[in-house]
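Labels below follow one simple rule: chain letters A, B, ... track the order of the sequence lines, proteins then strands, and each chain is numbered from 1.
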There are 4 protein chains.
Amino acid sequence: MSGNTFGKIFTVTTFGESHGPAIGGVVDGCPPGLELSTDDLQVDLDRRKPGTSRHTTQRREADAVKILSGVFEGKTTGCPIGLLIDNTDQRSKDYGKIKEQFRPAHADYTYQQKYGIRDYRGGGRASARETAIRVAAGAIAKKYLKAHYGTQIRGYLTQLGPLKPDPNRFNWEEVNRNPFFCPDADLVSQLEAYMDVLRKEGNSIGARITVVVNHVPVGLGEPVFDRLDADIAYALMSINAVKGVEIGDGFACVEQKGTEHRDEITPQGFLSNHAGGILGGISSGQDIIASVALKPTSSLRLPGRSIDIHGQPTEVITTGRHDPCVGIRATPIAEAMLALVLMDHALRHRAQNWDVHSPIPLIPPQATDCKKNR
Amino acid sequence: MSGNTFGKIFTVTTFGESHGPAIGGVVDGCPPGLELSTDDLQVDLDRRKPGTSRHTTQRREADAVKILSGVFEGKTTGCPIGLLIDNTDQRSKDYGKIKEQFRPAHADYTYQQKYGIRDYRGGGRASARETAIRVAAGAIAKKYLKAHYGTQIRGYLTQLGPLKPDPNRFNWEEVNRNPFFCPDADLVSQLEAYMDVLRKEGNSIGARITVVVNHVPVGLGEPVFDRLDADIAYALMSINAVKGVEIGDGFACVEQKGTEHRDEITPQGFLSNHAGGILGGISSGQDIIASVALKPTSSLRLPGRSIDIHGQPTEVITTGRHDPCVGIRATPIAEAMLALVLMDHALRHRAQNWDVHSPIPLIPPQATDCKKNR
Amino acid sequence: MSGNTFGKIFTVTTFGESHGPAIGGVVDGCPPGLELSTDDLQVDLDRRKPGTSRHTTQRREADAVKILSGVFEGKTTGCPIGLLIDNTDQRSKDYGKIKEQFRPAHADYTYQQKYGIRDYRGGGRASARETAIRVAAGAIAKKYLKAHYGTQIRGYLTQLGPLKPDPNRFNWEEVNRNPFFCPDADLVSQLEAYMDVLRKEGNSIGARITVVVNHVPVGLGEPVFDRLDADIAYALMSINAVKGVEIGDGFACVEQKGTEHRDEITPQGFLSNHAGGILGGISSGQDIIASVALKPTSSLRLPGRSIDIHGQPTEVITTGRHDPCVGIRATPIAEAMLALVLMDHALRHRAQNWDVHSPIPLIPPQATDCKKNR
Amino acid sequence: MSGNTFGKIFTVTTFGESHGPAIGGVVDGCPPGLELSTDDLQVDLDRRKPGTSRHTTQRREADAVKILSGVFEGKTTGCPIGLLIDNTDQRSKDYGKIKEQFRPAHADYTYQQKYGIRDYRGGGRASARETAIRVAAGAIAKKYLKAHYGTQIRGYLTQLGPLKPDPNRFNWEEVNRNPFFCPDADLVSQLEAYMDVLRKEGNSIGARITVVVNHVPVGLGEPVFDRLDADIAYALMSINAVKGVEIGDGFACVEQKGTEHRDEITPQGFLSNHAGGILGGISSGQDIIASVALKPTSSLRLPGRSIDIHGQPTEVITTGRHDPCVGIRATPIAEAMLALVLMDHALRHRAQNWDVHSPIPLIPPQATDCKKNR
């Protein structure tokens, strides 16, 4: 199957380049009867869109999505949902020199080598602009999961360079109140100051994002390869700039003993959640917790050594509009990818296990206390 | 597509439970004309198999693989390769109590909830025994990649609990000389002592494994979803007990600036490899570097709180034969999964890009210095 | 994988309803470097489009396709190609009664039962309007196959109701000169007269279409399930109104003896082509010959018994604009589906068999004499 | 996805050659909790197996299937079901000359050209022996469909060369009482006489098989590509020797008018079944009726012209054990393929349409009168 389609039953296919006329996609396999309008999609698109603060790229895109099919009289019909977002603020002249150069740490060199041709305008297909369609598709999944299982998918910034929210000040309400998706109100001014310095330097910085999912149905995941955690890792690592994925305690497990890591069980619930809600590749009903590391953007105003398309040495300075920290806008994208994975697995699960008569878990669901979580 | 098949063109489907009569699998899409015998598969199977030191499970399995089809007169025919390994040392009586209990941190509870039934003998399908077929299939991929591209895939232990190899004593030769796949000869006695204490306690410990791939063809990976790193994350996270995956610098990126992270390019090669050999989801020709975190085994002799299949509280003690550190035998498994990903992507790449006439990279390949790498 | 995607490597995903704002699709996996413009797609779209003669539906659609991505500076980039065609002449008021009725032999009843909801306007997703995107995608495949293998894919009308072209007057040149794709110029006036009577009656009629492919590369097809003929059968049966598919002699084989059916081979070539160019599921290099039967349209002005959405008996008369013989416009659609199958299999073949060094067939290709064929 | 796997959710992967040590397969995605033993599979395997009458190949194979996994304490667990059948009566010496020759109308030439290598013993992978695993897998699907939906899948011989059962003597009971699966008891002696003559001549003959499915759930099929009829065509055309597929009236539609073809609907049911139980690619709840044409076997004792592997002219006489009419044993194979398609689509349907609350069809199911059918 082609590389631009995600999922097995609930699928999303995307197309479009940063500076082409439009980006778009097709969501297939959506259950019929779901109430759906562009408003449902726009909420998360607006959370992701560029140009809403001085800390992200200054490209201005309304990211207004059109639903071209699959919805009739306000409800999904079970037929594929065509999505389209026009590109309105592309400025290809910004990218004149890039035509002949490979930016270090960027996809320029690898696309050229793979395909023998590349759309160099604004990163072409490799631009994070493509993720807008993921966010739109993810919003459909989110709405279905919320309506049918009560599932809630929320992400937040866990680190930006050296700065971390204080767990004791963790507040979900705060996350959507600042441009960083930071759950610690007191950290926001520090983040702003840090980003201002960075922007003046022309440099960029990495970040870490965490997504927490409440009210996950028990039983999602298809061992042995399409484990729920394996598909989450695939989904999150497919986001631009992501270099690491953790489920639950992640790399902290390396130094844990079995007695420390195992989440003991009582009739009232699990006593901890080191596993991040997944056991043997199948959701346990606990909160799913997944984290990603995002590398610093490679488009910098500070000169770097590279080669041109003829193999000659050159110096690269990137002058277009870029995010100095791609991690900032990554929160709604990571949420969307989690939603797509869970939606696909919910449908896969019930395809095979329609006959399992007791979907009520033995163990009640429990809320994760993010103040204690790391 | 069903959850027990890996890959899109070069595919592996596995079946079998820990205590059933046999485990097996089917490798489909293998190029014809590859010289292949069971000897080629047995090398890695022997590296993975249990019972070869006191530090792993004492179950004795020859893990002798049979090739049932797809090879004729010593060469692959392009038809599916049937693989079979008989189970010879299963002792189901070891698992009497487990029938009615859910071991904390194990797949018992989630399998029961998902399917309404589970083969509780030795972990059933959730047992790491299944990975033997992955290793056999991976050996086919390894052989093809080596023959056609010179690609070499090697893993090693990067951490076990608190113990880490000293990078200055890194030696690839050493890795296959000790049961830990440890590249630092001087650390082996400490590892042995640590494991002896742990085993006596009845406890278990986590570990970290790194795989390095040399001579990777440029251009492998299918953006935007089936990025090479996304498929590697999926492949590695699908291994039992893995809770985290990193590509290149991984989570260290969070605190890096763009000027620090970007791998500058000269006509003589890249000046560093923070990216781990993948840019924009496509291989750059540099070494691929991927790391995984493995949680401590959940089968412990130390009692833990849990519930039984009726939802009543119980205390669980696991008395069967188990690996106190699953990370020890994970190295050949992780190598195999890397081989399967690269093989599948090599075939996918040439399907679409047959006509790209200059497969010779502009930038020469470079060996990674594992002494510097972390 | 979702039902609206065709193919494994070269894939086409379509979306859109008859009376929605637009129909569209995504072609993924197209090799890079292919010169491509909307002109290449428009040729076949114009052959398929409605309203060009009095014998097809009088709905007027320019069927002007837009390429939204995947083509840069006139060449394909290897990235997904977004296609869009606006609907401009939908008249939903034509379908008022259909909202509450199930037309006999139409998809109304089954869509309603499957999804619990249906877009009843103009047949919604079940309308043959969707095939415009198949034709556009097929034109991309046709262009690549022609450029790389010299492959030519051409269809024609083999029967319409009781009327059949005379094989002795078979002329490929004639096929595109009349609205019926009829290869026999002398039959055209009879076809026109027959259709005029039928249209006045308010009735419809079945048809038979044959597609012949020249210069097919040897070796395409993936036994045992994804045989080339199996995928052709799937592709052709997926066209609206198709009820039968034949490869080569098809149902005539039932009465043939082995000595009669087998195509003997000489160094100069095969001595006949009963097999239709496929042996053991793999192309032999001979012409591929495939035929389809199309049922008469179910939207008739003559009243028929049915039930309404409440299960009550009703009489149905369809008054909208419809094709009285869907077989007439099916020729470019069937060609497109053949092109999609062959393109996908060409890429699949070379993925696995890159190393087979003698792609030159032992047996030279031969042209099929359609005067003798049936 | 690789060519040796069938299905999307309920999948079957097969491996094995005619003269290798064994054939086998993996059934994945089977719902858990289904009672299953080898007895359930053996019934159809025995109906298909060779050597049970003088009219089929004289190779003697018990075709005793082993279930290696996925079944625990007599019930399916939801994990993959490994199947294995040992080859016991292969005689490779029978095929000495075939090593260097391409039999006309056989897969010899195309396998050699595709892969550059072929297992020439007994047809290798192209042998119909592979279909034993399809029959075993199909038996699992049949059992589930019967248990959950009451679905019954039965095939019969509709023509062998010039001989056709008399519809007035149609009797389902008779089908399993003679080696031809002939529903007309009076025709059996003529079939025997015809086959005896043919066998003495060393020639072969074509046949036609029809499969009828009762009690099909309404709503199965995934437009627009994975229509139920499209997937049936794919499934049936993937059977060795099949050259044509019809749904319902099939090619007879070509001469039908709309008023004749359309199946009118009343609250008591459909008034006819020209459609063969599928409308718009979705099952209507009527009986599904599908027919296939099978070509005469290509392995003949009568000499035919061909070339050898060096391209030189040669005369081919096939002396091994072969079926003079592959159509005879095709009935259980065609039934199995129908079962696999329906099973997969049943699971796909409920994945997406779990929430459609009225699975009870508006129209009651009706039995097809095979006396009237054709």
Between NZ on residue B/K75 and CG on residue D/D119, distance to nearest 0.5 Å:
14.5 Å
Please report the interatomic distance NE2(D/H19) to CZ(B/F72), rounded to the nearest 0.5 Å.
10.5 Å
Between B/L84 and D/L84, is any pair of side-chain heavy atoms under 4.5 Å apart?
yes
Are side-chain heavy atoms of D/K114 and B/P32 found at a separation under 4.5 Å?
no
Counting heavy-atom pairs closer than 4.5 Å to chain B, which one of D/T77, D/N4, D/I117 comes out on top?
D/N4
Report which part of B/F10 has an atom under 4.5 Å of a heavy atom belonging to chain D: side chain, backbone, both, or neither.
neither
Below 4.5 Å, heavy-atom pairs only: which of B/P31, B/G29, B/C79 has the largest tally toward chain D?
B/C79
From the list B/G70, B/A22, B/G116, the residue making the most non-hydrogen contacts under 4.5 Å with chain D is B/G70
If I compare all heavy atoms of B/P80 with all of D/E17, which pair ends up nearest, and what's the gap?
O-OE2, 4.5 Å
Here the pair of heavy atoms bringing D/F15 nearest to B/S69 is CD1-OG, 3.4 Å
